[in-house]
Amino acid sequence: MEQWKDKILASANGIQKATPPEDAFSKILDKIDQDRAEVRISKVQLVAAAAILLITMCVNILLISSQFNSEEPTESTAEYSEIISSYNLY
């Protein structure tokens, strides 16, 4: 049993540490620089995105303001008043 352990440990003798090629770091940095692509947005695309955002915000504001300005009770309000009156909660 001892011989087996010694044989395995002896097999590790003479193993050299792995070393990367000398220019590996510069190759990695070059590759990173190549992969960085500059994204350009044209003025037309920018104006279109701003217009869509503005329209969406205006529609949301109109819908919210019309919801608050409505005088009619919603269905849920009518249902709640029926429940409240039938159970005499108030």
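Residues take their numbers from the sequence shown, with the count starting at 1. None of the values given here were measured: they were computed from a predicted structure.
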Please tabulate, for side-chain N and O atoms in residues 39-53, each donor-acceptor pair with protein atoms closer than 3.5 Å (sequence neighbours left out).
residue	atom	partner	partner atom	Å
R40	NH2	E38	OE2	2.9
S42	OG	Q45	N	3.3
Q45	OE1	S42	N	3.2

Connected to I55, directly or through other members, by ILVMFWY side-chain contacts below 4.5 Å are V59, L63
With a cutoff of under 4.5 Å between side-chain heavy atoms, which Ile, Leu, Val, Met, Phe, Trp and Tyr residues group with L62? none
Among residues at least two apart in sequence or on other chains, which ones pass salt bridge (Lys or Arg N to Asp or Glu O under 4.0 Å) with D23? K27
Listing, residues 8-18 side-chain donor-acceptor contacts under 3.5 Å, not counting sequence neighbours, or none:
residue	atom	partner	partner atom	Å
S11	OG	I8	O	2.5

